[in-house]
Protein chains: 2
Amino acid sequence: MFMNYNLAFDSRETDMSEQHATPVDTVLALVQRNSLTRLVGEALEKLILSGELSPGSKLNEAALAERLGVSRGPLREAFRTLAETGLIRQEKNRGAYVREIELAEAADIYDVRAGLDATAGRLLAGRITTAQLALLREFAAGMQRAAATNDVDAFHTLNLAFHDRIVEMTGNVALIDVYRRLVKQLALFRRRNLLAPRAIPHFADEHSAIVDRLAAGDGPGAAEALYQHAQGGRQRMLRDGELAAMPAAGEKHA
Amino acid sequence: MFMNYNLAFDSRETDMSEQHATPVDTVLALVQRNSLTRLVGEALEKLILSGELSPGSKLNEAALAERLGVSRGPLREAFRTLAETGLIRQEKNRGAYVREIELAEAADIYDVRAGLDATAGRLLAGRITTAQLALLREFAAGMQRAAATNDVDAFHTLNLAFHDRIVEMTGNVALIDVYRRLVKQLALFRRRNLLAPRAIPHFADEHSAIVDRLAAGDGPGAAEALYQHAQGGRQRMLRDGELAAMPAAGEKHA
DNA sequence: ATTTTGTAGATTGTCAACAATCTGCAATAA
DNA sequence: TTATTGCAGATTGTTGACAATCTACAAAAT
């Protein structure tokens, strides 16, 4: 009784690490451990974060259900999860839409994220291990290389991983959850992809400084460095956003 | 076509301010604006936060659906929302349970909350209005009175409102959402109800100091005061939990 | 006595049908 | 022409039924 679920749209699979397991094993384990609702939710999240479903898109229940090979029930439950995560917006009797995040909203999220980064740094400085430090230094070195070669994409990926790891290393599940939720929401704000290449070396240096503070066990220092670092990103985003929007007069941002 | 929903379990209603509207008006407006899923979710949240459904309780779908006068569909959707909020825990084919938060977990949440409080203070100090300041001073004064009369319940209520208002006054929706989510989760940890009466005056003084920093437009100072204030609450909780082995986080806040 | 196996009941997962609501367009009236 | 009204189709909200899974207890085997 294997229903023919269609939760991956394209041929490239999500994780090749378990490629050698038989198809039955993977499908069986997948469906047995994760509920259909969870699988649908992850599939939708992937579609949204990859941009395949762009902000503002209407999410038609019947169409999506058929596309995913699932009935509307699990899909609607997945919608509730995504709505709570902040990736979609639901209106009664109107349907669900991929959330649109405007500049001011993204700036607000950035403020919260900056605070979380600072909290992570303060927590981690007191308990970081040498192995963890080595890993972070590796990330920092990789970003220095990316900066030297002007590899914007590599830098961007490493940058996300670097900050995620810092948060993850705290072991504080509540912090990790909240942080990742906000990062996902920020990913909806696609305008910031214009990572200015000449700003990259500066950020790379800041990363190294952050690792130094963590290595020194300087909680407040790491917190401050991470906070200012995030605020720098926020400012850059605001500058780029205002340039793109080009308002006639100065925008009102409290 | 009015179904007989039974979303309020006991006679005391949630909000008496619109008592004079006809029943038809209220019910109509209620059901027309809010989906059944949302109403069910709010009803469940109330039951959980009030303790009527205590942590660890099994949430039987059929039983709860009948109790609320609703079918299982909306109830399950509400479950998804509550699970994402962190108030319930869902296991595949096993059901939903009111989330149990242990001491270490609550301490972690407190660390995040402390960081959010600090962020709120830093943001608010730069933009707080005199009217908002007056309101906060009113809260602070009320808590001083509660401290003087050893009115623990009143102090507790005002304390929650005070901190919620500070966060709310920032106008940062992302911050408000995250903060309230964490506060709700902490409410599941009921052991901290043992608010030691002799500690109350100290907290009341700290509140006044916080308002002073906000009034002075001292962002870092307000952040630091709020952070230390929250850490104090965390430490007290840990002491009461008799597991003071948890290390305190850094002292200073960037 | 202890462990294993098998069944019955209860519970959750999924689905498809029906009801309620919204949207867009055409017909009508001013 | 312009605004209003009234369908018809599409979409979401809700429900009850059926399938899959789990739990508990009893019977059987070691």
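Below, all heavy atoms of this structure are taken into account, side chains as well, without hydrogens, waters or symmetry copies. Reminder, nothing fancy here: chain letters follow the sequence lines and each chain counts from 1.
Not counting sequence neighbours, the partners of S71(B) by the side-chain contact (heavy atoms from CB on, under 4.5 Å) test are P74(B). Every residue meeting the salt bridge (Lys or Arg N to Asp or Glu O under 4.0 Å) condition with R76(A), not counting sequence neighbours, appears here in chain and number order: E61(A), E77(B). Partners of S54(B) under the side-chain hydrogen bond (donor to acceptor under 3.5 Å, both in side chains) rule, at least two apart in sequence or in another chain, are S57(B). Applying the side-chain hydrogen bond (donor to acceptor under 3.5 Å, both in side chains) criterion to N60(B), with sequence neighbours excluded, gives no partner residue. Shown here are the salt bridge (Lys or Arg N to Asp or Glu O under 4.0 Å) partners of R165(B), two or more places apart in sequence or in another chain: E168(B). Remark: E42(B) engages no residue in a side-chain hydrogen bond (donor to acceptor under 3.5 Å, both in side chains) (not counting sequence neighbours). The ring pair (Phe, Tyr, Trp, His ring centres under 6.0 Å) test applied to F162(B) returns H207(B), not counting sequence neighbours.
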Enumerate all atom pairs, one protein N or O and one N or O from nucleotides 8-13 of chain D, separated by less than 3.5 Å.
| residue | atom | partner | partner atom | Å |
| --- | --- | --- | --- | --- |
| dT11(D) | O5' | N60(A) | ND2 | 3.4 |
| dT12(D) | OP1 | K58(A) | NZ | 3.4 |
| dT12(D) | OP2 | E61(A) | N | 3.2 |
| dG13(D) | OP1 | N93(A) | N | 3.3 |
| dG13(D) | OP2 | R76(A) | NH1 | 2.6 |
| dG13(D) | OP2 | R76(A) | NH2 | 3.4 |
| dG13(D) | N7 | R72(A) | NH2 | 2.9 |
| dG13(D) | O6 | R72(A) | NH1 | 3.1 |

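Overall bending of the helix from dA1(C)-dT30(D) to dA30(C)-dT1(D), expressed as the angle between end axes built from five pairs apiece, is 10° (10° steps).
Contact record, K184(B) with L87(B): O-CD2, 4.0 Å, taken as the closest heavy-atom pair.
Atom pair E77(B):CD and dT12(C):C1' shows a separation of 16 Å (rounding to whole Å applied).
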